[in-house]
Amino acid sequence: MSLMDSITQSQLWKSVFRHPMPTDRRNRVVVMLTNFFLHLHPVSVRKQGIALSYTWCMGGTTFFLFIVEVVTGVLLMFYYRPTLEHAYNDILALRDVTTLGILRELHRWGAHAMVITVWLHMYRVFLTGSYKPPREFNWVIGVLLLVLTLLLSFTGYLLPWDQLAIWAITVGSNMARATPGVGVEGPGAAFLDLNGVKLITSGSDAKFALLGGRAVGEMTLNRFYVLHCVAIPLAVSLLIMVHFWRVRKDGGISGPL
Amino acid sequence: MHQEILPILPHQDITPGVMVGLAWYYLLASALNAAAAAYVAYMEMVSEGASRVGLAPRTRRLPDWLVGTYIGLYGLAMVMILARPFLPGALDVAYCLCALANIVVALTAGADAAHFSELRASDGTHSGNSGELTLDDHIPAVGLGKSISRMLWTLIWAIAAVLFQAIGLAYLFGGAIVLPQIFRDRINQVSGPTTFFVGATIAFVAMIAFRKLAANGLVAWGLVNAALLFFGLSMSDFDFRDIVTKPDNVPIVGLMVLVGFFTWLSLRRAVINDSRQARGLPVLEALEPEKTLTWPDLVYTELVCMVICTIVLVLWGIVLQAPLEQPASSTVAPNPSKAPWYFLGLQEMLVYFDPWMAGVVLPSLIVVGLMAVPYIDNNKEGNGYYTIEKRKFAYITFQYGFLVLWVVLILLGTFLRGPNWNFFGPYEFWDLHKLIPLNNVNLSDIVWIQILGQTKPSSILQREAPGIILCVLYFAIPPLLMYRLFFRKYAEQAGMVRYLTLAVLLLFMASLPIKMVLRWTINLKYLVAIPEYFFNI
């Protein structure tokens, strides 16, 4: 018995890999059925459905970029402290002194790339009419994922706490001030008063809720940090699971019906 | 912390660094064209959708000596690049080796294409029987046009390769080629939001109207070359370069390239599918209905995609540092103050709408509208393949929304909006003190003061009555008209709820271009202006 055989015949090896290297037809089928990461795929797919000129591979690339963002993001969290005192200097250090400070570049460019690939994925899905029955609801989930992707990118913008960050957020959050009904400078707010006491003020409107204060400050940083690192990624993960599951249930990668 | 005071230098259009960068840029452009020439001359020319009987797959092979020369020259150049710490001037030598390789490929391809067609004309070995298509009659794809002359197109791309190479070599050896000032001034003069937006709309309509022409690979490659030349020459302008190379703007340049390529690819496949269906042939996507095992066919593709993606990201991260500006300060506001680039289309709408419309109502409607698409679109055709004919309305409306109302507005907001959100030409210095006289007026001013010649009534409702009536009419009459003219059949099939949702969404989508046109033509600011209650439309 060769060394290789004794390794692959061991109980340890067999407990990890349920089948030999998938070189024959049977094991190619088995690997798709028994591997956690592969079982989202069907065992066989339509040839034309996986042609790159048809799918552009944008959905998968988006998912890969999301994983890149999660991994680099978690690694960055070991380093970065979301307080006014430390935030900027931690990012500065990532650039200048930290080993593997390139993680920040990967994280930021990955985020930009992910926005682009999400758009192109939706573009392809629309142009091939792949949102049509039975995939209507998966398109809706996709739109939600688009919104969450943009929000992920947007909330991450604040964290370096540089000029670009706070002014971009200021531009964004000024919109909230104008939200109809719940923003202090939005239509309808003027009517909401109780015997002359305004219900919606700059201390109680949508912008205040978003920023945790009247202007971008420490509480904003905290809120955006939690949104960016916990709240939105959780929601995205959940929706991605539903999205993929429904792709499978609705007949896999689309093709002519 | 004290700030260093730097002497103010005049902006340099051309610096040594820029010239080196442009030299390598044109080397790349030349290599692409040399490859195109070789592709037309030697490679398999029967593309998607052609009848394969008697035509494919037949290829000419690149001559062995040419392949050897090409790889040898580029390999030698790589060695020189690696050895540059020890050899002064090694980079220049490497450049010249690469340039030589490109020129050899381009010229050989041109000469061979000429040779092949000569042989064919003299009834030599390559000629076919009379009337039968031969290797020299390339049929681009079913319905895309007549057969092409390989020799002509090989020569065109070979000449383009040599020209680009000449420009690159000129830069390498110190020839400072710049855009003529008069050209820059003219472009700056004629560009404005109106020309930009109207031009994009016209280009979009032309793309759809002449889609057969646009889907032709040769036309598309010509446009790519024009874009390469325009971008390269423009990079010699300081102001253009300054904005385009800002790290956060680089992804948008990438976005333009990707969106352009995929739009063309999908257009091409749609045109081919449409003409195939017109001839009773199955669509491309239905050509190979059989299945294949996911491992290895799909899994390996995914693996390669991931590897390429990782390489691109890592290289991007090494070459371009993520931006980090001065520490946040709530007292020093940058000018222009911009949102992240993917929201700049929305920020552009702020010019034409009140924040509550541009920032809240319209974005929400975009999201809701997108979600509603599969429930509004009851057309069963065009599911799972590219087509325009079978679903013209949905296809064109969405593509216009994405390309013109989203991507073009992002480009406008990123590259052309400067201090105070003023519009600047592509070669214009972002002058903080640029003053644009604003004499925007509200509809109530126009009606009461300009037309009726009296002061505006004090009652808000009466004052704004013209605008309010117009808005009500806007949402009442067009749906009726559209119903009568275009959508009767759709409304009967899909029901009134779907039809009315569609109508309202369309009207909101159309409100952006309409409002833009009103601003440009009669300087209209608001149709309804009730600043007392923050309600402006």
Side-chain angles (χ1 to χ4, degrees), chain A residues 22 28 31-32 41 43-48 50 54 56-57 60-61 64 88 91 95 102 104-106 108-110 112 115-116 120 123 126-132 136 139-140 143 147 150 154 157 160-164 166-168 171-172 175 178-180 185-187 190 254-257, chain B residues 251 255 258 262 265-266 283 285-295 297-299 301-302 305-306 309 313 316-318 321-330 333-334 337-340 342-343 347 355-356 359-360 367 370-371 373-375 382-386 391 398 402 533-535:
Chain A
R28 283 177 183 168
V31 69
M32 303 310 297
H41 300 82
V43 168
S44 61
V45 283
R46 288 178 43 257
K47 259 188 189 169
Q48 198 60 49
I50 57 169
Y54 175 74
W56 311 350
C57 207
T61 306
F64 176 66
Y88 183 80
I91 300 287
R95 186 180 75 186
I102 195 180
R104 183 184 164 233
E105 269 78 29
L106 296 186
R108 186 171 186 124
W109 301 139
H112 284 334
V115 169
I116 293 172
L120 290 174
Y123 193 37
F126 191 95
L127 297 185
T128 56
S130 304
Y131 58 79
K132 296 188 176 192
E136 307 105 306
W139 168 266
V140 174
V143 175
V147 174
L150 293 178
F154 179 66
Y157 233 73
W161 205 250
D162 62 346
Q163 279 288 73
L164 190 68
I166 68 156
W167 290 102
V171 171
M175 307 277 179
T179 313
E185 286 177 11
S254 69
L257 285 181
Chain B
L255 171 77
L258 286 174
F262 283 126
L265 184 68
S266 56
V283 292
E285 286 78 3
L287 278 181
E288 291 174 304
E290 66 268 36
K291 288 193 162 188
T292 176
L293 284 182
T294 305
W295 183 296
D297 285 7
L298 176 56
V299 176
T301 309
E302 288 172 342
C305 278
M306 284 196 269
C309 210
L313 261 186
W316 189 358
I318 292 172
Q321 214 160 45
L324 188 64
E325 301 196 348
Q326 295 298 308
S329 155
S330 51
S337 196
K338 286 188 179 180
Y342 34 82
F343 288 143
Q347 203 177 348
W356 72 276
V360 184
V367 172
L370 277 176
M371 287 183 182
V373 161
Y375 303 98
N383 188 343
Y385 57 94
Y386 295 95
R391 46 195 295 257
F398 179 87
F402 179 63
Y533 296 107
F534 303 109
F535 185 84

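Throughout, protein chains are lettered first and strands after them, A, B, ... in sequence-line order, and every chain is numbered starting at 1.
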By a 4.5 Å heavy-atom criterion (distance strictly below it), what part of Val367(B) contacts chain A: side chain, backbone, both, or neither? both

Got a donor-acceptor contact below 3.5 angstrom from the [X] side chain to the [Y] backbone?
| X | Y | result |
| --- | --- | --- |
| Gln163(A) | Ser329(B) | yes |
| Glu285(B) | Gly255(A) | no |
| Glu136(A) | Val373(B) | no |

Residue, of [options], that accumulates the most heavy atom pairs under 4.5 Å with chain A:
| options | answer |
| --- | --- |
| Leu255(B), Val299(B), Thr301(B), Thr294(B) | Thr294(B) |
| Ser330(B), Ala322(B), Gly359(B) | Ala322(B) |
| Tyr533(B), Trp356(B), Phe343(B), Phe534(B) | Phe534(B) |
| Val360(B), Leu324(B), Leu313(B) | Leu324(B) |

Of the listed residues ([options]), which shares the most heavy-atom pairs with chain B below a 4.5 Å separation?
| options | result |
| --- | --- |
| His41(A), Met32(A), His112(A) | His112(A) |
| Val31(A), Thr179(A), Leu127(A) | Leu127(A) |
| Trp161(A), Phe154(A), Phe64(A) | Phe64(A) |

Which atoms of [X] are under 4.5 Å from chain B, going by heavy atoms: the side chain, the backbone, both sets, or neither?
| X | answer |
| --- | --- |
| Leu120(A) | side chain |
| Val43(A) | both |
| Ile102(A) | side chain |
| Arg28(A) | both |
| Ile50(A) | side chain |
| Tyr54(A) | both |
| Val115(A) | side chain |

For Trp139(A), all residues meeting ring-ring contact (aromatic ring centres under 6.0 Å, His included), sequence neighbours excluded: Tyr131(A)

Applying ring-ring contact (aromatic ring centres under 6.0 Å, His included), run through Tyr123(A) and Phe402(B) and close with a yes or a no. CA-CA 8 Å; Tyr123(A) 193 37; Phe402(B) 179 63; 4.7 Å; yes

Of the non-hydrogen atoms in Tyr88(A) and Asp162(A), which two are nearest, and what is the gap between them? CE1-CB, 3.7 Å

CG/Leu106(A) to CD1/Ile318(B) distance, rounded to the nearest 0.5 angstrom? 8.5 Å

State which residues pass side chain to side chain contact (heavy atoms under 4.5 Å, CB included) with Arg46(A); sequence neighbours excluded, sorted by chain then number. Gln48(A), Pro256(A), Lys291(B)

